[in-house]
Amino acid sequence: MCGIVGYIGKSSASPILLDGLRRLEYRGYDSAGLATIDGGRIETRKCKGRIQALADLVKENAAAGHVGISHTRWATHGQPNDVNAHPHFDASGRLALVHNGVIENYQALRAPLVEAGHKFRSQTDTEILAHLIGNLYDEAGGEHSKTRLLEAVRGALKQVIGTYGIAVMHLDVPDALVGARRGSPLSVGLGKGENFLSSDPQAVIAYSQEAIFLKDYDVAVVERDGFQIGTVEGGVAGSYEVTKVDFTSDDVKLGDYPHYMLKEIFEQPHAVRDALRGRLSVEDAGARLGGIDMTPQELREVDRVIITGCGTAYHSGLVGEYLIESLAHLPCEVEFASEFRYRNMPMDKDTLVFAVSQSGETIDTLAAVRESLRKGHRTLGICNNVASTIARECGAGVYMHAGPEIGVAATKSFTSQLTIFTLIALLLGRIRHLSNSDGLKIIKELQAIPEKIERVLEQSDRIKEIAAKYAGAKGMLFMGRQFNYPVALEGALKMKEITYIQCEGHPSAELKHGFIALVEPDMPSVFITPDDAMYDSNINSIEQVKARQGPVIAVGTEGRRDLAKIADDVIYVPPCADYLSPLLTVVPLQLLSYHTAVHLGRDVDKPRNLAKSVTVE
Ligand code: G6P
């Protein structure tokens, strides 16, 4: 979703800003822009479309200067076009601002300014912020200074209802940038003789490996050789921490892969190993998850688990539900984060809540976390991004350690989350009824998974052929049962996200209750049917599809040659315990979506309309 990069230092700002925007490109956007202070002028370039278009504009007509702000916009208010692209300006044209988030009361704030003669150029909610701050700055009078700018920012933000991450610069205060956040991430990146503002430190990883993640209502003044952090209300911020960014610019390089999505699919054996590292204890025949910060007695008192998240993270929670119920015998429920706070589910004091989010910034999940914490429930984060807002606000949880995930379609974060749910189920189970030997068996099975994923990945070329065969389909149905029902949902989500083919995921046996009406020769069905307790019942559903001339692609277990007799195409995964099968069966579905999208010429890593991290409601 929208990205912010700000720079102040000794180097030329525009190449750094463009490089930063490129590193945020994967998050999804529809227009981009930048502004620099070049001597006595503000130079602005902005346009609809890709960052390359912006780079071409800058090339044609250089925007020089050593201080600047930039933005990628994912439209919420007003179409994606050149005018609505950020930066936006105040009435004087001397103040430029970029903004992530939504200003909910922008119309109410705009009315008095329009009456006073302010001309608004865009249809965005953002432009009001630039006018408000500029107006307060001008009204304050006196010497131009960073304090005067800071106070104007504070004064404006006090009037705002909504969410924001902003970067502001003023022609009359060319030696400072001001940033602030509420509900939308912003960090200060620290360099030598140069400093940065960014919505994600990954944007400036090539220049800065130290970041301060601002908290809600923090305001930062960033200069070439220093920074100050205070609050919107006034005064200095209580405390802040300098965080070492734990990946390098190499981690976010594509290497020999044509797309990040393929790279990340192939990184899954590694991601699963990293999620397990140091967390399996043969001595306890169980799992050790220090980050959840709960004593065995507290874990024992848990009588119900609620999991919440969005998109792929929600699907991993659905597998988590099966895992926790079957391995730990605890009631477990999964709720879309966007529904969590509106549903108002009855939860008792021993309910444990898990919020799952790769980015740790998804606003719906964050809102669910806040609602859960407000009600006093112990709420743990399962996040990939260290020091992300959800991880920080939960205060405890389990980090995924999957490394940066750039492709918009989540892949390695899903298998990493499944691994973590297995560890959680093992931990909760061992405190209850799971025996020592049960625990050891689970550990052994888990340790074998990365190598089994490698065996699935070896079939990428064969899956590519299958993808080409069905790429012209008008739609696809995905079906599975029990542990693999959520995998069917995830398979359908992956396919529609990146190929734009209409897809549905269902429990296999629901077929006859409705969507069998869709089965026809150009509507392939993908069955996830490993050799588990549900095998025969899945075969039954496959027969029902075949009887209606529906093509069938099956994901089955090595050795079940009988599948090949009824399915048109079969992709085999190695045998494993039922409860771990999603870790293997999802991989062919990711590859099937990937190869189909490439075959159709889709923009795999940046599918239309989607954003990697959705920071608006
Ligand atoms: C967006 C992405 C999905 C992702 C979801 C949750 O919708 O397009 O791929 O699964 O957000 O993201 P999170 O970072 O919270 O896991």
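Counting starts at 1 for both ligands and their atoms, following the listed order. Since the structure is predicted, the reported quantities are computational estimates derived from the model, not experimental observations.
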salt_bridge(Glu497, Lys494) N-O dist < 4.0 Å: yes
Salt bridge present between Lys496 and Glu504 (N-O < 4.0 angstrom): no
For atom 12 (O) of ligand 1, the protein heavy atom that lies nearest, with its residue and separation: Thr362 OG1, 3.4 Å
For His259, ring-ring contact (aromatic ring centres under 6.0 Å, His included) partners two or more places apart: Tyr594
Residues Arg370 and Glu393 bridged, charged N to O under 4.0 Å: yes
Val408 touching ligand 1 at heavy-atom level, < 4.0 angstrom: yes
Any Glu361 heavy atom less than 4.0 Å to ligand 1: no
Atom 3 (C) of ligand 1: the protein heavy-atom neighbour that sits closest, reported with distance to 0.1 Å: Glu497 OE2, 4.1 Å
Note: Arg22-Asp19 ion pair, threshold 4.0 Å (strictly below): no
Atoms of ligand 1, numbered as shown, that sit under 4.0 Å from any heavy atom of Ser359: 13 (P), 14 (O), 15 (O)
Val456: which of Val586, Val573, Leu583 passes side chain to side chain contact (heavy atoms under 4.5 Å, CB included): Val573
Atom indices of ligand 1, in the order listed, that fall short of 4.0 Å to a heavy atom of Ser357: 13 (P), 14 (O), 15 (O), 16 (O)
Gln417, any N or O under 3.5 Å of ligand 1 N or O: no
Exam field: side chain Arg602 to backbone Thr499, donor-acceptor pair closer than 3.5 Å: yes
Top protein contact for atom 16 (O) of ligand 1, by heavy-atom distance: Gln358 N, 2.7 Å
Residue, atom name and distance, where the atom is the protein heavy atom closest to atom 7 (O) of ligand 1: Val614 CG2, 3.8 Å
Atom 11 (O) of ligand 1: nearest protein contact (heavy atom, Å): Lys612 O, 3.9 Å
Heavy atom of the protein closest to atom 1 (C) of ligand 1 (residue, atom name, distance): Ala611 O, 3.6 Å
Location of contacts on Thr312 toward ligand 1, heavy atoms closer than 4.0 Å: both
Thr596: partners by side chain to side chain donor-acceptor pair (under 3.5 Å), with sequence neighbours left out: none
Under-4.0 Å salt bridge between Asp216 and Arg181: yes
Close approach, Cys310 and ligand 1, non-hydrogen under 4.0 angstrom: yes
